[in-house]
Number of protein chains: 2
Amino acid sequence: MTARSSAESARDVPEATVARLPVYLRALATLADEGTSTCSSEDLAAAAGVNSSKLRKDLSYLGSYGTRGVGYDVDYLRYQIAREIGVTQDWPVVIVGIGNLGHALANFSGFRSRGFRVVALLDADRDRHGEQVAGVDVRPFSDLEQIVTEHGVAIGVISTPAQAAQDVADRMVASGVTSILNFAPTVLQVPSGVDVRKVDLSIELQILAYHVQRKAQAEAEAG
Amino acid sequence: MTARSSAESARDVPEATVARLPVYLRALATLADEGTSTCSSEDLAAAAGVNSSKLRKDLSYLGSYGTRGVGYDVDYLRYQIAREIGVTQDWPVVIVGIGNLGHALANFSGFRSRGFRVVALLDADRDRHGEQVAGVDVRPFSDLEQIVTEHGVAIGVISTPAQAAQDVADRMVASGVTSILNFAPTVLQVPSGVDVRKVDLSIELQILAYHVQRKAQAEAEAG
DNA sequence: CGCATTTTGTTCTCGCGTTCACAAACTCCT
DNA sequence: AGGAGTTTGTGAACGCGAGAACAAAATGCG
């Protein structure tokens, strides 16, 4: 039961759980679109691709939002998870590096629909300035600090080449950004208190390649 | 010391270690570019952004490739890790879904430089067929099976909208693809034996948002 | 009203991964 | 050659997350 400090929902949700909450949120959205108003932990777990026991434990960190013998109200649970993650409000986001990937990110529809708003696209390349991508002007990288301050940006996305990424990250942190999503293939050094998540295509491919090779070897040895 | 079955290096490298090997590989490449021929576990760990103890343990699963009192030979270790991952050979890859993201992926230079070769770009949209992206023709999705068979493709990349992803995955698996990198924001159902790794922008952003919100709450409460 | 059924929320156990700490092994200097 | 100094490789302890199993609570029916 773990008595809570009056104000808010649970503290210290495990990191592994936090990483799955957005998956549950999406699964609930799908269920809602299909017209489902109530679901059991089995249903939701299947839609999210996880074990139902794990799902129930994850949800239990947020509170007790289900009804025994009945299940979960889709809309209600959806709201509770959204609130826990923080996507009931709008997060301003700045994207730095408007190459091929930056274009794709700026046009990504999932941004707006999930509580994120691209307030600026920045690029060091003078030739790109003034260009419009997804309805937003591309502006000089030097505008970073002003934009971050003005809009209260906490989240920055880096889609520059690897060599520029560390500098961009440093400038972001200096401007007040506390969370960075890094698509550049490099390890970023940031002060403690700043969160970095990385998305790295070639690493993912290499992990897949390892398993392919391993399977091939296993088969070869088995004869 | 764990005596090995004559033929090859260690079996059962932990999954967490496998996920870090590509990071080490990249760090070693950087060191090599800087002209470093030897490095200690501390040096490499710093470059890779991990704990040196963890690095040494990770490497110990592959074999004993260092020299006590000296460190690791950069080129030698690099080759050993590349061989373990399997990137000493070339992996043919097929990309399905040539929208904004597909374009970015096709143009991604890290593909070729890390042992991956894009053998085909496929899209269901008839209007795109014949278009060239990064020097490769965009072809109909229906060519999938032929291409997979012809080139022995084991790795497929999905960068379609969410609604098409499951069908694409099914067709890939039916054609003989055993590993899928999924950029579509949906949970894929695949038979056991098929590896799926997912890259999901909006999930990553939501995880960051959670932590931003959490920090903000903590500050508010601290006064 | 009480019992059977359903489904949640929680407890318990197990295995994996991380980190510490140290012995083994190599180099260099005298 | 021997000892001091380094650095690897590994054994052991610890903590977190996954999954199974069960108790608690709600519904519906006789």
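Each chain gets a letter, A, B and so on, in the order its sequence line appears, and its residues count up from 1.
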Determine all donor-acceptor pairs shorter than 3.5 Å in which one atom belongs to a side chain in residues 87-105 of chain B; sequence neighbours excluded.
unit_1 : atom_1 : unit_2 : atom_2 : d
B:D90  : OD2    : B:R117 : NE     : 3.1
B:W91  : NE1    : B:G86  : O      : 2.9
B:H103 : ND1    : B:G99  : O      : 3.1

Checklist entry - Where the side chain of B:K54 is concerned, which of C:dT19, D:dA18, C:dT8 is the nearest nucleotide? => result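 The closest nucleotide is C:dT19.
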
Next on the checklist: Starting the side chain at C-beta, find the nucleotide from C:dG9, D:dA18, D:dT7 nearest to A:S64.
Outcome noted: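 So the side chain of A:S64 is nearest to C:dG9.
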
d([atom1], [X]; [atom2], [N]) in whole Å:
| X | N | atom1 | atom2 | answer |
| --- | --- | --- | --- | --- |
| B:Q80 | D:dT8 | CD | P | 17 Å |
| A:E15 | D:dG17 | CD | P | 8 Å |
| A:Y61 | C:dT8 | OH | P | 17 Å |
| B:D58 | C:dC16 | CG | P | 16 Å |
| A:L59 | C:dT7 | CG | P | 16 Å |

Item to check | Sub-4.0 Å heavy-atom contacts from residues 71-78 of chain B onto DNA chain D, ordered by number | outcome: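 Output list: B:G71, B:Y72.
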
Side chains of [X] and [Y]: does their closest heavy-atom pair fall under 4.5 Å?
| X | Y | result |
| --- | --- | --- |
| A:D73 | A:L77 | no |
| A:L205 | B:R114 | no |
| A:T36 | A:D43 | no |
| B:V187 | A:R26 | no |
| B:S202 | A:F108 | yes |
| A:Q80 | A:L62 | no |

Item to check | From CA spacing to verdict: side chain to side chain contact (heavy atoms under 4.5 Å, CB included), A:L208, B:R197 | outcome: CA-CA 8 Å; A:L208 285 177; B:R197 297 192 66 86; 3.8 Å; yes

Next on the checklist: Using the side-chain contact (heavy atoms from CB on, under 4.5 Å) definition, which of the options A:I85, A:D58, A:T17 pairs with A:Y24?
Outcome noted: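 Single pass found, and it is A:D58.
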
Next on the checklist: A:T38 and side-chain contact (heavy atoms from CB on, under 4.5 Å): which single residue from A:V70, A:L31, A:D75 fits?
Outcome noted: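 For A:T38, the side-chain contact (heavy atoms from CB on, under 4.5 Å) check succeeds only for A:V70.
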
Checklist entry - Across the strands shown, which category fits B:E42 at heavy-atom distances under 4.0 angstrom: base, sugar-phosphate, nothing? => result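 It contacts nothing in the nucleic acid.
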
Tabulate atom names and distances for all N/O pairs under 3.5 angstrom spanning the protein and nucleotides 1-3 of chain D.
none

Item to check | Euclidean distance, A:I158 CD1 relative to A:N182 CG, rounded to 0.5 Å | outcome: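 The CG atom of A:N182 sits 5.0 Å away from the CD1 atom of A:I158.
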
Checklist entry - Which value, rounded to the nearest 0.5 Å, describes the distance between A:T160 atom OG1 and A:D167 atom CG? => result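 If I round to the nearest 0.5 Å, the distance is 9.0 Å.
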
Next on the checklist: I'd like to know whether B:L28 forms a side chain to side chain contact (heavy atoms under 4.5 Å, CB included) with B:L44, so could you lay out the CA-CA distance, the side-chain angles of the two residues, the decisive distance to 0.1 Å, and finally the verdict.
Outcome noted: CA-CA 7 Å; B:L28 285 166; B:L44 184 53; 3.9 Å; yes

Can you pull every protein N or O that's under 3.5 Å from an N or O on nucleotides 1-4 of chain C?
none

Checklist entry - Side chain of B:K215, backbone of A:G193: donor and acceptor closer than 3.5 Å? => result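 Yes; judged by distance alone, with no hydrogens or angles, the pair exists.
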
Next on the checklist: Taking A:Q189's backbone N and O only, do any of them form a donor-acceptor pair with A:Q166's side chain (distance below 3.5 Å, no angle check)?
Outcome noted: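 Yes; at least one donor-acceptor contact below 3.5 Å.
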
Item to check | Whichever of B:C39 and A:A16 has its nearest DNA chain D nucleotide further upstream toward 5' | outcome: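 Closer to the 5' end of DNA chain D: B:C39.
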
Next on the checklist: Evaluate B:L122 against B:V168 for side chain to side chain contact (heavy atoms under 4.5 Å, CB included), listing each step before the verdict.
Outcome noted: CA-CA 10 Å; B:L122 305 181; B:V168 171; over 6 Å; no

Checklist entry - Distance check: side-chain N/O of B:S41 vs OP1/OP2 of D:dT8, anything under 4.0 Å? => result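 Indeed, a polar side-chain atom of B:S41 lies that close.
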
Checklist entry - What residues in residues 25-38 of chain B put a non-hydrogen atom under 4.0 Å from any atom of DNA chain C? => result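 Result for residues 25-38 of chain B: none.
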
Could you go over nucleotides 20-24 of chain D and give all protein N or O partners under 3.5 Å, atom names and distances?
unit_1 : atom_1 : unit_2 : atom_2 : d
D:dA20 : N7     : A:S53  : OG     : 3.1
D:dA20 : N6     : A:S53  : OG     : 3.4
D:dA24 : N3     : A:R68  : NH1    : 2.7

